[in-house]
Amino acid sequence: MKEIDVKKGLNQQEVHDRIAKGLINISDQDTTKSYKQIIKDNLLTLFNLINVILAGLIIFTGSYRNLLFLGVVISNIIIGTFQEIRTKRVLDKISLIHSMKVSCIRDGREKQISVEEIVIDDILKLKMGNQIVSDSIVRQGSLEVDESLLTGESHTIIKNEGDFLYSGSFVTGGNAYVQAVHVGNDNYAAKMTKDAKKYSKYPSELRDMLNKIIKYIGIAIIPLGIILFSKQYFILNGTLKDSILNTSAALIGMIPEGLVILTSIALAVGVINLARHRTLVQELYCIETLARVDVLCLDKTGTITEGKMIVDSYRSENKHFKEIMKNMTHDLEDANATIDAIREYFIPEKSFECVKTLPFNSSKKYSGVIYRDAIYIMGAYSFIMNQPDKKQLKSVEDASAKGYRVISVAKTTPEDLELKHLEWIGDIYLLDKIREDARETLDYFKKQDVDIKIISGDHPLTVSQIAKRVHLEHYDSYIDASQLNDDEIEEAANKYHIFGRVTPKQKKALIAALKRQGHCVGMSGDGVNDVLAFKEADVSIAMASGSDVAKSSANLVLLDSNFDALPEVLYEGRRVINNIQRVATLFLTKTIFSILLAFITIILPFEYPFVPIHLTFVSSLTIGIPAFFMAIEPNRNRVEKKFLENVIKVSLPSAVSVILCIIYIYIIASIQGFSSEVITQLAVITIAINGCIVLTKVSHPFTLLRKIILVFVYIGIAGGLFWAHDIISMLPIRSMSILLDVGVIALILIAGSKFGSMLVEKIYEWKK
C-alpha cells in the first residue's frame, strides 16, 4: 500500500491514472431497463408476431374492417410501454436522490463524491454515522465501528491507526482519515456476498401461471390454425377469403392479448404507489409474493431495533449520582451510541472542576473524568472493578439476561491514578431502541396470520427480551443456534420463534427449511450477514440504513427504513393478485371457449361462426375496457385459495356453457333451416351475453366504479347488436323466434355458469 498524505489526498492526475487502470469502486449491479429494452420487450412478443401475420392475411382478403383487433394490440403496446417508462423514471429518480456520498480529500481539499467515484488509495474522512463503503486502513485518528452488518454481533470494536476497516460496517463514534485499499469486487463485503450478484428468479404464482398460459397457447395455436383453415377451405369448400377470416377469428380469440400487458401495468402501478410510501421495488413480482407470505423472518438489529441505545433507568445509593453523570456527559468528548444515550438521559451540566478526561479506548474498555475532588469511571462492571462483588456481579448478569446493557459507574480519589481502589456507586441500564413502528406492524402481521420469527447474531436471551418488548407471541420460544448442527435446523425452524447467535449460513439454512415445510417465507434485514438469507427467501426486504450490498440484493428497500411501510406493500400485493384474478377470468373465458370451439369445429361438420370483427367488438366491451380499470383499482381483500383455482372456477364453466350454446344453435339451425348469417348472429349474441355474465360475476362486490363500467358495457353491447349491426357485420335482430332463442341461450349460459362453478369447486375440494 502506497502511503498518501492524509491532508492532501490524491491529485487529479493520480485519480485519472487509477480510473484508467479500472481501480475504481464501480458496482456491476444492474439498474433499471433501458428505454430501448422497454420498447423491444413490449414490441417483440410471440403474440404480437402472430397478430401481425394475421393482420397481413386479413389485408390480403381486403376485409379491412376486420383489422380493428389491431387497435387493441396497439393500445396494449402503447399503454404497456408508457407505464414501464413511467415506472423507470420514478425508480431512476429515487435512485439518484438516495445515492450515497462520502467525504474525500483530493488536491488538499475536502469534497463530496459518490461511492462509485472512489479509487484505490483515496483518503476518506469518516465520522459517526458514516458507513464504511470501501475496505480501508485507518491512517489518522480512531473510530468505534459496528460490524454487526457483517457478523450479526452488535458489539462495538475500536479501530486505531493501522487497523483494517471492513466495507459494510458502520462508524458509531470517533473521527478518522482512512485510506481505501480495496474497491469494487475486491471489497470484503463484495467477496462475502458474491452469490448475491447472481440473478435468481423469485417465485411468483402469478408469473408462472401467465407463462404456462402463453406456453400452451403458443404451442397449440399454430397447428390448430393450420388444421382449421384446411378444413374450412379444402373439406367444407369455403372461399379463400372466408377461410382466412374464420381462421383468423379463431386464433385472435385464443390470444389473451391484453392479459400480460395488464398484469405488467398492475404491477407497475404498484411500484409507483409504493414509491409514494418510500418503498423501492427492485423485483416486480415480489409485490405479489409478499401478499402470499405466511412466515416473516426478521433480523433484530436495524429491523425491530434502530441500532441505537436508550437509557431505561439507573440504580444508585449515591444521592449525587445524577449530578455526577451530568458532569461526566459534559466533560467527556467520546462519541458513540452508548455515551450518546447516557448524554441524552443525563443532560450535560458543568458544576465540577475538570482536571483531565480519560477517553474510551479498546484496551482499557472504560472512560472517565478526573475532577479536583474525585475520579469517576464508567464501563462494564467486570472490566472496571479489580475485585468484583459477587452480589453486584450477579445483579449485572441478571439485568443482562433481561436484555439490558449495563454500564457501571465507580469512584476513587484523585490520588488513585492507577484506579486500584475503585468503589461502585451506580449502574445505568440501557436498552436497544425499538422502532416506533415495530410493535404496531408486528401486531398487524399477526392479525394477517403471518408467523414472525426473529433471527439474530445476538445472545438469544437478549433477542427474546426485545421480542417481549414488542409484544411478540412466543417470545420465550428461543434457542442458541450455535448449539445446532445441520441436521437439527429442520426441526428447530418449525419449533422455535427466536434464534440467537445465528451465522449467515444458518440464516439461509433456516429459511430453506421453512420453505421445504411448505411456507412462503419473507426475510427482512439490513446487513451483509443477511444477504445469503435474502437470496434464499421468497421475498427480501432491506432497510435503506443498511449495507449497500444488502440493499442491492433485496427485492424491496424501505427508503426511510420505516418498518410500517410493509403493510402498504402487502396491500399492493393484494391489489395486484385480486385485480389480475378478475382480469384473467375475463380473458381466459374467451381463450378457453375459442380453443374448444376450434376443436369442435374441426371435429364436427360445422363452419367457424365468427370473423375477427365479431370478437373485437365483444372483447373490447366485455374484456378490454373493464379489465384496464379493474387492473388498477384499489383492492385490500385477503388473497384466498390458489390463483388458478379461482380463475378456472368461473372461466371454465362459462367457456363450456358458450360451447353448449353454439352446439344448440347449430342443432336448431339444422332443424329450422337457419342461414349461416343467422347462426353467426346467434353466436355473437351468445358470447356477448356470456361476456356480460362473467363481467357481472367478477365485479362482485359492486363498487361505484364497477357499476359505471357495467352500465357502459350493457349499453355498448345493446347499441352494437341493435343499432350498429352493419359495422360489426351482423344481421339486425328483428325476428321474435330469434329473441326466443336468445332467451334459451341466456338461460343455458346462466345455469351452466352457476352449476359449472359449483362442480369445479366440488372437484377441487375432492382433490384436497
Side-chain angles (χ1 to χ4, degrees), residues 126-130 141-146 154-160 170-176 305-385 392 395-396 399-400 403-414 416-417 419 421-434:
L126 298 179
K127 60 182 180 179
M128 181 179 173
N130 290 158
S142 64
L143 298 170
E144 281 190 62
V145 176
D146 178 1
S154 59
H155 303 299
T156 297
I157 299 171
I158 306 300
K159 301 285 185 176
N160 296 307
F170 274 95
V171 178
T172 58
N175 296 276
T305 64
E306 291 186 6
K308 298 179 181 178
M309 305 295 294
I310 57 170
V311 174
D312 179 70
S313 59
Y314 69 91
R315 181 173 69 89
S316 176
E317 296 175 0
N318 188 316
K319 63 181 180 179
H320 301 294
F321 186 76
K322 288 185 71 174
E323 185 181 8
I324 292 167
M325 292 311 304
K326 287 181 177 182
N327 275 271
M328 288 188 73
T329 58
H330 177 276
D331 295 321
L332 282 171
E333 296 180 356
D334 295 342
N336 56 60
T338 301
I339 191 63
D340 285 347
I342 294 172
R343 190 175 282 124
E344 188 174 332
Y345 189 85
F346 296 100
I347 306 300
E349 179 182 286
K350 184 171 180 59
S351 58
F352 298 167
E353 186 177 343
C354 174
V355 176
K356 184 181 179 181
T357 60
L358 305 172
F360 185 89
N361 66 56
S362 56
S363 59
K364 296 178 180 178
K365 297 188 182 298
Y366 66 77
S367 60
V369 184
I370 300 175
Y371 292 105
R372 182 170 294 278
D373 298 324
I375 298 176
Y376 295 103
I377 300 295
M378 64 178 177
Y381 183 77
S382 58
F383 283 105
I384 66 175
M385 303 301 292
Q392 173 60 19
S395 173
V396 170
S400 297
Y404 289 102
R405 180 176 295 180
V406 183
I407 299 297
S408 295
V409 183
K411 172 185 178 182
T412 189
T413 62
D416 185 21
L417 295 177
L419 308 178
H421 306 290
L422 286 169
E423 173 193 355
W424 174 87
I425 62 169
D427 282 337
I428 302 170
Y429 301 104
L430 296 99
L431 289 170
D432 283 297
K433 187 174 182 181
I434 302 292

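If you read the sequence from its start, that first residue is 1, and numbering goes on from there.
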Exercise for review: Look at the aromatic rings of Tyr371 and Phe352 and report parallel, tilted or perpendicular, splitting at 30° and 60°.
Suggested key: perpendicular
**Study point:** Student check: side-chain heavy atoms of Ile310 and Ile434 closer than 4.5 Å
**Key:** no
Exercise for review: Examine the side chains of Tyr404 and Asp312 and answer whether a donor and an acceptor come within less than 3.5 Å of each other.
Suggested key: yes
Check your understanding: Under the 3.5 angstrom rule, does the side chain of Asp331 hit a backbone N or O of Cys354 as a donor-acceptor pair?
Key -> no
Check your understanding: How long is the gap from CG on Leu143 to CG on Asn175, to the nearest 0.5 Å?
Key -> 7.5 Å
Practice item. Working to the nearest 0.5 Å, report the span between NZ of Lys350 and NE2 of His330. Key: 6.0 Å
Check your understanding: Which distance, rounded to the nearest 0.5 Å, do you find between the CG of Leu358 and the CE of Met328?
Key -> 8.5 Å
Review point. Hey, does Met325 have a side-chain heavy atom less than 4.5 Å from the side chain of Val409?
Key: yes
Exercise for review: Nearest 0.5 Å please: distance from the CD1 atom of Ile370 over to the CG atom of Leu417.
Suggested key: 5.5 Å
Study note, to complete from the structure: What one should report as the nearest heavy-atom pair of Leu422 and Met385 is O-CE, 3.4 Å
**Study point:** More than 12 heavy atoms from other groups under 6.0 Å of CD on Glu349
**Key:** yes
Check your understanding: So, for Ile384 and Ala410, which heavy atoms are closest and what is the spacing to 0.1 Å?
Key -> CD1-CB, 4.0 Å
**Study point:** Heavy-atom side-chain contact between Thr413 and His421 under 4.5 Å
**Key:** no
**Study point:** Shortest non-hydrogen contact from Ala374 toward Pro414
**Key:** N-CG, 3.6 Å
Point to revise | Chi angles and distances behind the side-chain contact (heavy atoms from CB on, under 4.5 Å) call for Met309, Asp432 | key: CA-CA 5 Å; Met309 305 295 294; Asp432 283 297; 3.6 Å; yes
Point to revise | Side-chain touch Phe321/Arg315, heavy atoms, less than 4.5 angstrom | key: no
Exercise for review: Walk me through it: do Thr305 and Leu431 pass the test side-chain contact (heavy atoms from CB on, under 4.5 Å)?
Suggested key: CA-CA 10 Å; Thr305 64; Leu431 289 170; over 6 Å; no
Point to revise | Exercise: identify the closest heavy-atom pair between Ser367 and Pro359 | key: CB-C, 4.1 Å
Practice item. Heavy atoms only: give me the nearest Asp427-Ser408 pair and the separation to one decimal. Key: OD1-OG, 2.6 Å
Review point. Would you find a donor on one side and an acceptor on the other, under 3.5 Å apart, between the side chain of Asn327 and the backbone of Ile324?
Key: no
Review point. Taking atom types as modelled and ignoring hydrogens, do the side chains of Glu323 and Ser351 form a donor-acceptor contact shorter than 3.5 angstrom?
Key: yes
Practice item. State, to 0.1 Å, how close Ser316 and Gly426 come at their nearest heavy-atom pair, and which atoms those are. Key: CB-CA, 3.9 Å
**Study point:** Pairwise side-chain contact, His320 with Ile425, heavy-atom cut-off 4.5 Å (strictly under)
**Key:** no
Check your understanding: Distance from Ile428 atom CD1 to Tyr345 atom OH, nearest 0.5 Å?
Key -> 9.5 Å
Review point. Hey, are the side chains of Val311 and Ile407 touching, using non-hydrogen atoms and a 4.5 Å cut-off?
Key: no
**Study point:** Sub-4.5 Å side-chain heavy-atom contact between Ile342 and Tyr314
**Key:** no
Point to revise | Met378 CE to Thr338 OG1 distance, which is reported to the nearest 0.5 Å | key: 8.5 Å
